[in-house]
Participant: 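Let me give you the structure first, and then I'll get to my questions.
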Amino acid sequence: PHELFFFFFYAPAPVDVLQTQNGAVSTQIEGFIGQNGSFENTLPNFEHRPQQVDIATAIARAFEMGDHLIVEAGTGVGKSIGYLMPAILWAKSQNKRVVISTNTINLQDQLIGKDIPLLQEGLETPFIATVIKGKSNYLCPRRVETIRRFRPQNATELRLLAKILIWTLESQSGDKSEITLRGNVEHEVWNRFTAQDENCGYDRCEAEMKGVCPFYRARKTAEEAQLVIVNHVLLLSDALSNNRVLPEYDYLVIDEAHQLEDAVTNSLTIRIDANTLIRYLSDLGTPQKGLFKEIISTLKDNLAPNDLQSVTTYIQSVSEALVVMRGHVSSVFKALGAIADESQDERYSDSYINLRIEPTQRKTRAFHLGHNRWETLTEFFDVITTALTRLKKAVSKFNQQRHLGHLEKHLESTAQYLQNTYQQLRQFFIQGDENLIYWLSGESVSEYLTLNIAPLRVGRLIEQHIWGQKKSVILTS
């Protein structure tokens, strides 16, 4: 026999049991999936499972009472139907939204492609269910246009841009799952075309992109759905951003809950690598190419010749500083590689480096070398960020007459990225934080390693942003 484990723990503010036209949701479960229930009569391949009825009834009661609930069930009890059914009935009867969070894409595909169609047929009542993914899964029209305008930096980027332009003629979804990406290189370059790099919020996206952004459309669909399926990383991104990613909800089911802690840690992990930092700097360009060229071209018709020359000279000096800064970035990250070289015994393997930075490493000659190189680099962070802010103000003066929002956005997002990266690197080199873990990772043959920063403990964050915020949370595995 299959074993079940239930554990109720009470939410801070229980709600009253809400009745539907047919009574409490928990009393309806047996009539659908119980022995001789309607599912057995209408769905030829449906098999009654007592444990499934128990799961669904317990979850329905948790929703009704505003309780949190842990459900552990073995394989073969029909757990997904066990939580989907009460979620759908509750959402429909109370006009509420229920979010289902999974750890794997395979489970999401099973829910949306198999289990939910089964329930739509068996319940004989219409409901809307949708999947919303993280921003890195959606094409960003603004990013595509920026790369097209500034021209791809290499053959791989050019090839992927051509592939994307052809793909968008056939599909408007912008969903990564619909385009064929070959190898790790194309998957890595794909990130340059996605909404992941964009800091624009939902309202700004709606105002500026007029509804053409694939992530915006997915979010809009989710607003109309009773059931929204997400992954753990997106769930946490929403929770930690004060619910600015997903539409409002109070009822949550977390499947594959044993993976939640790792997902939280992964979503909160900051990764800093030289290639990304150098790319941001390179995208700014010079007076002859890239963003800076477009700024000069834009201001040419709005400034007197002497003023335009002053701006051009200023941009030229900034672009020269960028060349020097890229060299210092490379120097700092090569020093991080030297730290790993001096800690051969603590490395993960000869071919892959996964080295936690502890007090021992901070005392090495290589770390002190990296610290000294970092001190030199700090001046450039300040100079470049200040320059981008000044240029943004200059562009803003003329934005009322022309559509220059993309220039402002590019300058703003780059300045924000540099400010964040500066603070993170400063904390790593100058003081460290006992509540954070730092480690270096990457292939041993790579030119640069990645610096990773993650919280040491995540329990309090989960309690604050999920348990304490939602009326009912179901954990199942």
Side-chain angles (χ1 to χ4, degrees), residues 140-154 157-158 161 192-193 197-200 204 208 272-333 373-423 425:
C140 175
R142 191 201 311 276
R143 294 292 300 170
V144 174
E145 176 59 23
T146 297
I147 293 171
R148 188 195 63 77
R149 192 168 56 247
F150 294 159
R151 300 191 178 185
Q153 295 185 358
N154 53 56
E157 204 169 273
L158 176 61
L161 175 61
R192 294 208 61 193
F193 293 88
D197 276 347
E198 295 295 298
N199 293 321
C200 58
R204 184 172 183 175
E208 295 186 7
I272 307 172
D273 67 275
N275 290 327
T276 301
L277 179 50
I278 290 172
R279 173 174 65 80
Y280 268 91
L281 301 177
S282 298
D283 282 351
L284 294 173
T286 69
Q288 293 77 40
K289 66 178 183 180
L291 179 67
F292 286 166
K293 177 185 177 182
E294 186 168 359
I295 290 174
I296 292 174
S297 298
T298 298
L299 298 179
K300 183 167 58 177
D301 298 329
N302 297 281
L303 294 177
N306 289 341
D307 292 335
L308 180 64
Q309 183 58 46
S310 296
V311 171
T312 303
T313 301
Y314 180 67
I315 286 179
Q316 179 63 43
S317 66
V318 174
S319 65
E320 291 172 359
L322 286 170
V323 173
V324 180
M325 183 176 181
R326 291 198 295 268
H328 286 302
V329 169
S330 176
S331 179
V332 167
F333 277 83
R373 291 178 177 179
W374 158 251
E375 291 286 356
T376 303
L377 180 59
T378 56
E379 300 176 15
F380 288 88
F381 273 102
D382 183 55
V383 168
I384 299 303
T385 302
T386 300
L388 296 182
T389 303
R390 292 182 63 184
L391 288 171
K392 179 178 179 293
K393 290 180 179 178
V395 172
S396 298
K397 291 181 180 179
F398 305 101
N399 198 22
Q400 293 180 351
Q401 290 77 29
R402 301 182 60 185
H403 298 293
L404 308 178
H406 64 285
L407 298 180
E408 286 190 72
K409 181 63 184 174
H410 196 148
L411 290 166
E412 180 184 349
S413 62
T414 301
Q416 186 63 55
Y417 169 78
L418 292 178
Q419 288 175 345
N420 292 341
T421 302
Y422 167 78
Q423 293 294 339
L425 286 173

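Everything quoted here is computed from the prediction, not taken from an experiment.
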Participant: I'd like to check the side chain to side chain donor-acceptor pair (under 3.5 Å) partners of Glu157; sequence neighbours left out, ordered by chain and number.
Facilitator: Arg192
Participant: Please check if the side chain of Ser310 supplies one atom and the backbone of Asn306 the other of a donor-acceptor pair under 3.5 Å.
Facilitator: yes
Participant: Which pairs with one or both residues in residues 286-299 pass salt bridge (Lys or Arg N to Asp or Glu O under 4.0 Å), sequence neighbours excluded?
Facilitator: Arg149-Glu294
Participant: Give every donor-acceptor pair under 3.5 Å between a side-chain atom in residues 376-383 and any protein atom, sequence neighbours left out.
Facilitator:
from, atom 1, to, atom 2, distance (Å)
Thr378, OG1, Glu375, O, 2.6

Participant: Can you measure from CD (Gln416) to CG (Leu388) and round to the nearest 0.5 angstrom?
Facilitator: 11.5 Å
Participant: Looking at residues at least two apart in the chain, or sitting in another chain, which of them share a side chain to side chain donor-acceptor pair (under 3.5 Å) with Arg390?
Facilitator: none
Participant: Could you check whether any side-chain heavy atom of Phe333 comes within less than 4.5 Å of a side-chain heavy atom of Ile278, counting everything from C-beta outward?
Facilitator: no
Participant: Enter the distance from Leu425:CG to Ile272:CD1 here, rounded to the nearest 0.5 Å.
Facilitator: 4.0 Å
Participant: Can you list everything that forms a side-chain contact (heavy atoms from CB on, under 4.5 Å) with Glu320? Sequence neighbours excluded, please.
Facilitator: Gln316
Participant: Would you check if Leu299 and Asp307 make a side-chain contact, meaning some heavy-atom pair closer than 4.5 Å?
Facilitator: no
Participant: Can Glu412 and Lys409 be said to form a salt bridge (charged side-chain N to carboxylate O under 4.0 Å, His left out), step by step?
Facilitator: CA-CA 5 Å; Glu412 180 184 349; Lys409 181 63 184 174; 5.1 Å; no
Participant: Check side chain to side chain donor-acceptor pair (under 3.5 Å) between Gln309 and all other residues, then give those that pass, not counting sequence neighbours.
Facilitator: Thr313
Participant: Side chains of Asp283 and Thr146: does their closest heavy-atom pair fall under 4.5 Å?
Facilitator: no
Participant: Are side-chain heavy atoms of Phe193 and Val144 found at a separation under 4.5 Å?
Facilitator: yes
Participant: Output, in order, the C-alpha distance, side-chain angles, deciding distance and verdict of side chain to side chain contact (heavy atoms under 4.5 Å, CB included) for Leu407 and Leu391.
Facilitator: CA-CA 10 Å; Leu407 298 180; Leu391 288 171; over 6 Å; no
Participant: Under the side chain to side chain contact (heavy atoms under 4.5 Å, CB included) criterion, do Val323 and Leu281 qualify, and how do the steps go?
Facilitator: CA-CA 9 Å; Val323 173; Leu281 301 177; over 6 Å; no
Participant: For Phe292 and Gly285, which heavy atoms make the closest approach, and how far apart are they?
Facilitator: CD1-O, 3.5 Å
Participant: Using side chain to side chain donor-acceptor pair (under 3.5 Å) as the criterion, list what pairs up with Asn275, not counting sequence neighbours.
Facilitator: none
Participant: If I take atom CG from residue Leu322 and atom CD1 from residue Ile384, how far apart are they, to the nearest 0.5 angstrom?
Facilitator: 4.0 Å
Participant: Going by the rule side-chain contact (heavy atoms from CB on, under 4.5 Å), which residues pair with Ala387 if we only count those two or more places apart in sequence or in a different chain?
Facilitator: Tyr314, Val318
Participant: Keeping Thr414 on the side-chain end and His410 on the backbone end, is there a donor-acceptor pair under 3.5 Å?
Facilitator: yes
Participant: How about Thr298 and Val395: do any of their side-chain heavy atoms sit closer than 4.5 Å?
Facilitator: no
Participant: When rounded to the nearest 0.5 angstrom, what distance separates OG in Ser297 from CG in Leu308?
Facilitator: 9.0 Å
Participant: How long is the span from the OG atom in Ser319 to the CE atom in Met325, to the nearest 0.5 Å?
Facilitator: 14.0 Å
Participant: What residues, two or more places apart in sequence or in another chain, satisfy side-chain contact (heavy atoms from CB on, under 4.5 Å) together with Thr276?
Facilitator: Asp273, Arg279, Tyr280, Tyr417
Participant: Which atom names give the shortest non-hydrogen contact between Pro287 and Ile315, and what distance separates them?
Facilitator: CG-CG2, 3.9 Å
Participant: To the nearest 0.5 Å, tell me how far Arg143 CZ sits from Ser413 OG.
Facilitator: 7.0 Å
Participant: Determine whether Thr389 and Leu411 make a side-chain contact, defined as any pair of heavy atoms from C-beta on separated by less than 4.5 Å.
Facilitator: no
